[in-house]
Amino acid sequence: FGNVPFHREEYTAAQITAYFNLDLGQIRGYGLDTEAEKMLTLLALYKIRTLLDGNLRLRTACDLKVAVDVIKAETPVDFVLPTEDVLADDLRTAIAACTDRMELTTVTYKK
(Lines give C-alpha, C1' and ligand atoms only; values in the text may rest on other atoms or scores of the structure.)
Protein backbone atom coordinates (compact mmCIF):
# COMPACT_ATOMS: atom_id res chain seq x y z
CA PHE A 1 0.00 0.00 0.00
CA GLY A 2 2.96 2.36 0.36
CA ASN A 3 2.66 5.32 2.69
CA VAL A 4 -0.81 6.03 3.98
CA PRO A 5 -1.21 9.78 4.53
CA PHE A 6 -2.63 10.82 7.84
CA HIS A 7 -4.02 14.24 8.48
CA ARG A 8 -2.67 16.28 11.32
CA GLU A 9 -4.57 18.47 13.71
CA GLU A 10 -2.72 21.46 15.06
CA TYR A 11 -3.65 23.56 18.03
CA THR A 12 -2.15 26.97 18.59
CA ALA A 13 -2.41 29.55 21.30
CA ALA A 14 -3.19 33.12 20.47
CA GLN A 15 -0.30 34.19 22.69
CA ILE A 16 2.51 32.47 24.57
CA THR A 17 4.34 34.29 27.33
CA ALA A 18 7.81 33.22 28.46
CA TYR A 19 8.75 33.88 32.05
CA PHE A 20 12.30 33.66 33.40
CA ASN A 21 13.09 33.77 37.08
CA LEU A 22 16.66 34.63 38.04
CA ASP A 23 17.11 34.02 41.77
CA LEU A 24 19.61 36.69 42.76
CA GLY A 25 19.21 35.74 46.41
CA GLN A 26 20.52 32.27 45.68
CA ILE A 27 23.47 33.65 43.72
CA ARG A 28 24.27 35.96 46.66
CA GLY A 29 23.86 33.00 49.03
CA TYR A 30 26.83 31.21 47.48
CA GLY A 31 29.11 33.54 49.44
CA LEU A 32 31.08 34.66 46.40
CA ASP A 33 32.66 38.06 45.99
CA THR A 34 30.98 40.82 44.01
CA GLU A 35 32.90 40.09 40.81
CA ALA A 36 31.85 36.42 40.79
CA GLU A 37 28.22 37.30 41.55
CA LYS A 38 28.26 39.75 38.64
CA MET A 39 29.73 37.10 36.33
CA LEU A 40 27.06 34.51 37.25
CA THR A 41 24.28 37.07 36.81
CA LEU A 42 25.62 38.14 33.42
CA LEU A 43 25.97 34.50 32.35
CA ALA A 44 22.33 33.84 33.22
CA LEU A 45 21.15 36.96 31.37
CA TYR A 46 23.32 36.04 28.37
CA LYS A 47 21.78 32.56 28.23
CA ILE A 48 18.26 34.03 28.34
CA ARG A 49 19.08 36.54 25.60
CA THR A 50 20.71 33.96 23.31
CA LEU A 51 17.71 31.65 23.74
CA LEU A 52 15.29 34.41 22.78
CA ASP A 53 17.43 35.67 19.89
CA GLY A 54 18.14 32.20 18.55
CA ASN A 55 16.11 29.60 16.72
CA LEU A 56 12.99 29.08 18.81
CA ARG A 57 11.83 25.92 17.08
CA LEU A 58 11.10 24.10 20.30
CA ARG A 59 8.78 21.49 18.72
CA THR A 60 7.93 20.24 15.25
CA ALA A 61 6.04 22.91 13.29
CA CYS A 62 6.32 25.28 16.25
CA ASP A 63 8.44 28.26 15.24
CA LEU A 64 8.30 30.97 17.85
CA LYS A 65 9.60 34.51 17.70
CA VAL A 66 9.78 37.33 20.18
CA ALA A 67 6.98 39.77 19.44
CA VAL A 68 8.38 42.81 21.29
CA ASP A 69 11.43 44.93 20.63
CA VAL A 70 12.28 45.57 24.29
CA ILE A 71 12.26 42.81 26.90
CA LYS A 72 11.52 44.24 30.34
CA ALA A 73 11.50 42.77 33.81
CA GLU A 74 8.61 43.04 36.22
CA THR A 75 11.11 43.33 39.09
CA PRO A 76 13.21 45.44 39.16
CA VAL A 77 10.79 47.65 37.30
CA ASP A 78 13.26 49.66 35.21
CA PHE A 79 15.39 46.69 34.08
CA VAL A 80 15.58 46.08 30.32
CA LEU A 81 17.37 42.99 29.02
CA PRO A 82 20.45 44.22 27.11
CA THR A 83 21.28 43.03 23.61
CA GLU A 84 23.37 39.90 23.07
CA ASP A 85 26.40 41.96 21.98
CA VAL A 86 26.34 44.11 25.11
CA LEU A 87 25.92 41.08 27.37
CA ALA A 88 28.72 39.19 25.58
CA ASP A 89 31.13 42.11 26.04
CA ASP A 90 30.19 42.55 29.71
CA LEU A 91 30.47 38.79 30.30
CA ARG A 92 33.96 38.65 28.76
CA THR A 93 35.05 41.48 31.06
CA ALA A 94 33.49 39.79 34.11
CA ILE A 95 35.15 36.45 33.30
CA ALA A 96 38.52 38.17 32.86
CA ALA A 97 38.08 39.83 36.26
CA CYS A 98 37.51 36.42 37.88
CA THR A 99 40.13 34.31 36.11
CA ASP A 100 42.69 34.63 38.89
CA ARG A 101 40.25 32.93 41.30
CA MET A 102 39.00 30.20 38.94
CA GLU A 103 40.16 26.63 39.20
CA LEU A 104 40.10 24.02 36.46
CA THR A 105 38.93 20.55 37.46
CA THR A 106 39.48 17.67 35.06
CA VAL A 107 37.11 14.73 35.48
CA THR A 108 37.94 11.43 33.82
CA TYR A 109 35.42 8.62 33.52
CA LYS A 110 36.84 5.13 33.46
CA LYS A 111 34.46 2.34 32.62
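All figures in this text were calculated on a predicted structure; none of them were measured in a lab. Counting begins at 1 with the first residue of the sequence.
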Are [X] and [Y] packed together at the side-chain level, in the sense that at least one heavy-atom pair is separated by less than 4.5 angstrom?
X: Y46; Y: E84; result: yes
X: I95; Y: R92; result: no
X: R101; Y: D33; result: yes
X: L81; Y: F20; result: no

Closest heavy-atom contact between [X] and [Y]?
X: D90; Y: L42; answer: O-CD1, 3.6 Å
X: L52; Y: L56; answer: O-CD1, 3.8 Å
X: A96; Y: T99; answer: O-OG1, 3.0 Å
X: P82; Y: R49; answer: O-NE, 2.9 Å
X: V80; Y: V70; answer: CG1-CG1, 3.3 Å

Is [Y] reachable from [X] through a run of hydrophobic residues whose side-chain heavy atoms are each under 4.5 Å from the next?
X: V68; Y: L64; result: yes
X: F79; Y: I48; result: yes
X: L43; Y: L104; result: no

What's the separation between atom [atom1] in [X] and atom [atom2] in [Y], rounded to the nearest 0.5 Å?
X: T50; Y: L45; atom1: OG1; atom2: CG; value: 10.5 Å
X: C98; Y: L32; atom1: SG; atom2: CG; value: 8.5 Å
X: M39; Y: T93; atom1: CE; atom2: OG1; value: 12.5 Å

**Request:** Apply the side chain to side chain contact (heavy atoms under 4.5 Å, CB included) test between L40 and each candidate in L24, I27, L22; give the one that qualifies.
**Result:** I27
